[in-house]
Structure formats: structure tokens, C-alpha cells
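Structure record follows, encoded as C-alpha cells.
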Amino acid sequence: MIGSATSGRFETLRRKMVQQQLGGIVDGRVRDAMAMIPRERFVGSVMQPRAYEDGPLPIGAGQTISQPWIVARMTELLGLDGHEKVLEIGTGSGYQTAILAALTRKVISLERIGDLARSARRRLSDLGLSNVTVLASDGTMGRSDYAPYDAVIVTAGAPAIPERLIEQVVVGGPVVIPVGDAKSQVLLRLTRTPDDDSGHVQWREERFENCRFVPLIGRFGWKEQ
Ligand code: SAM
């Protein structure tokens with residue numbers, strides 16, 4: 001289904017994107033997924049000629065589809081082997097969701113803007129990606145009704161480490177999330193470790209690249225302006 005959903009012109013651009021923009025991404029499964037998912041299907045028709053540029057692009061409602069490199073980097077940091085149930089927060093266009101769906105067993109993806117959730121759901125279904133559930137929901141709360149997750153990825157910038165999300169991942173599972181102020185964040189990987197004696201959630205923190213995401217808005221995120 002996915003192979004027939006893209007034209008030769010875009011296939012050439014996609015191959016170049018993988019060769020020229022994914023420096024430092026060593027996970028072959030991630031590179032293969034980036035070479036397979038048609039990014040042009042996740043932007044509007046006006047943006048399609050720019051779909052393989054090395055940067056974010058507008059997707060409406062003041063939001064963006066992230067730069068290909070950061071999509072690949074965050075996916076690689078999850079260390080997926082294909083068996084996981086992944087929680088994604090910030091569906092946006094659904095592009096990152098599609099990459100995850102190609103690499104793992106099940107994806108639950110949360111988007112706070114109903115219109116974006118609806119169009120992402122349609123795009124993913126048109127591509128035949130049936131292992132995805134997109135829900136219009138405040139991702140700062142996670143979704144305890146589908147928990148526990150093997151991994152969590154947040155694709156909007158959080159003001160602080162969200163303990164509520166770490167509580168919904170299994171011990172040993174990663175939460176990959178940009179944390180910082182509204183203008184710049186650091187990409188963190190928080191790996192859950194066993195709770196302390198009083199049952200309080202614990203984790204190990206690793207820091208990666210600086211990045212810039214749109215804000216994570218919600219009950220445990222930034223407040224809406
Ligand atoms: N990964 C997406 C893609 O491939 O298109 C791009 C995500 S965009 C940078 C961030 C998204 O997070 C936006 O669509 C925004 O509406 C969403 N968002 C922000 N706060 C949220 C929240 N509390 N819960 C769910 N989604 C949220």
C-alpha cells in the first residue's frame with residue numbers, strides 16, 4: 001500500500017533526504033522507515049514541493065511537521081525492536097506517527113487539536129497503517145486507559161519533566177522529550193527505574209541535542225496564551 005502511494009519524483013527526493021540529511025543516524029531500521037514513508041502525504045498541496053527540505057514546515061493551526069533529522073533522531077533514541085506499544089504525544093501531521101507505526105507493534109498518538117487529529121487519522125488510514133490509534137486528548141496527562149507503554153515520545157516542548165508520563169511507561173522504558181523554555185529545549189531521554197520505597201516514580205536522565213519545538217500546551221504543560 002505505502003509503495004504505491006508515492007510518485008517517482010518524490011521517491012528520488014526521499015532517497016536524497018535519507019542520504020544527505022540523516023547524518024549520525026545509524027539505526028538501519030529507522031533509516032529504512034524514513035526511506036519508505038511518503039512525507040509529501042503529510043503536508044498540504046502547497047507545501048508538497050518542499051516536503052523533503054531539511055527543516056520543519058507549517059501544517060496549519062500554527063503547528064509544524066518536524067525536520068526529518070529530528071524525527072529520525074527521536075525515533076532512534078527510543079531503541080525500538082518492533083514489539084513495543086508506544087505512546088506519542090503531539091500527532092501533528094501524523095508523519096512521526098507513521099514512522100513509529102512502521103517500526104513497532106502499536107502506536108497510541110495524542111493530539112490536542114481536533115482538526116489535526118482528524119486529518120492525521122485519515123492520512124494514516126489511507127496509507128494502510130492500521131496499528132495506530134489517534135485520539136484528540138491532552139497528552140500532558142498521558143492516557144492511563146491504554147498504559148503501560150514500552151516507550152513514550154513527546155514531539156512538543158515541555159516546560160518541565162512530566163512525572164505523569166514516566167508513571168505510564170514500564171520500568172526500563174524510555175520517555176524521549178524536549179524540555180526547556182518556550183524558545184529552546186534540550187532533548188532528554190528519561191529511562192524509568194524502579195520506584196523508591198514510598199512508591200514514588202524514579203528515572204535516569206540523559207541529555208542530547210538542543211532543539212526548538214512548538215509548545216506542549218495542557219494541564220501539565222504550558223498554559224494556552
Ligand atoms: N510529530 C509531528 C509531525 O510529524 O507532524 C509534529 C508535531 S508538532 C511539532 C507538535 C504537536 O503537538 C502539535 O500538533 C500540537 O498541537 C501538539 N500538542 C501540543 N500540546 C499538546 C498536548 N498537550 N497534547 C497533545 N498534543 C499537543
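Each ligand, and each atom within it, is numbered from 1 in the order the structure gives. These numbers were taken from a predicted model, which means no experiment stands behind them.
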Give a yes/no on ligand 1: does [X] have at least one heavy atom closer than 4.0 angstrom to it?
X    : value
P56  : no
T91  : yes
S66  : yes
P215 : yes

Return yes if some donor-acceptor pair links the side-chain N/O of [X] with the main-chain N/O of [Y] below 3.5 Å, else return no.
X    : Y   : answer
T155 : I89 : yes
D32  : M34 : no
E111 : G90 : no

Just need the protein heavy atom nearest to [atom], so name the residue and atom and give the distance.
atom                    : answer
atom 12 (O) of ligand 1 : G90 CA, 3.2 Å
atom 17 (C) of ligand 1 : E111 OE1, 3.4 Å
atom 20 (N) of ligand 1 : I217 N, 3.0 Å
atom 15 (C) of ligand 1 : Q63 OE1, 3.3 Å

Proximal ligand 1 atoms for [X], defined as those under 4.0 Å from one of its heavy atoms:
X    : answer
L110 : 25 (C), 26 (N)
L116 : 14 (O)
T140 : 23 (N)
I113 : 16 (O)
Q96  : 1 (N), 4 (O)
S137 : 24 (N), 25 (C)
V214 : 8 (S), 9 (C), 10 (C)

*asked:* Is there a path of hydrophobic side-chain contacts, each under 4.5 Å between heavy atoms of I/L/V/M/F/W/Y residues, joining V86 to Y146?
replied: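 Y146 does not cluster with V86.
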To which of [options] does the heavy atom nearest [atom] belong?
atom                    : options              : answer
atom 10 (C) of ligand 1 : T64, D115, L57, T155 : T155
atom 5 (O) of ligand 1  : G139, S93, A156      : S93
atom 26 (N) of ligand 1 : Q67, R219, R112, R39 : R112

Below 4.0 angstrom, N of the basic side chain to O of the carboxylate: do [X] and [Y] qualify?
X    : Y    : value
R14  : E40  : yes
E84  : R105 : no
R123 : D126 : no

*Decide if atom NZ of K183 counts as having more than 12 heavy atoms of other residues, nucleotides or ligands within a radius under 6.0 Å.*
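Count not over threshold, so no.
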*With sequence neighbours left out, write down each residue that passes ring-ring contact (aromatic ring centres under 6.0 Å, His included) with Y149, or none if nothing qualifies.*
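Checked Y149 against ring-ring contact (aromatic ring centres under 6.0 Å, His included); zero matches.
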*asked:* Side chains of T104 and K85: any donor to acceptor distance under 3.5 Å?
replied: no
Considering only distance and modelled atom types, tabulate donor-acceptor pairs under 3.5 Å from the side chains of residues 168-175, sequence neighbours left out.
from	atom 1	to	atom 2	distance (Å)
Q168	OE1	R143	N	2.8
Q168	NE2	M141	O	3.1

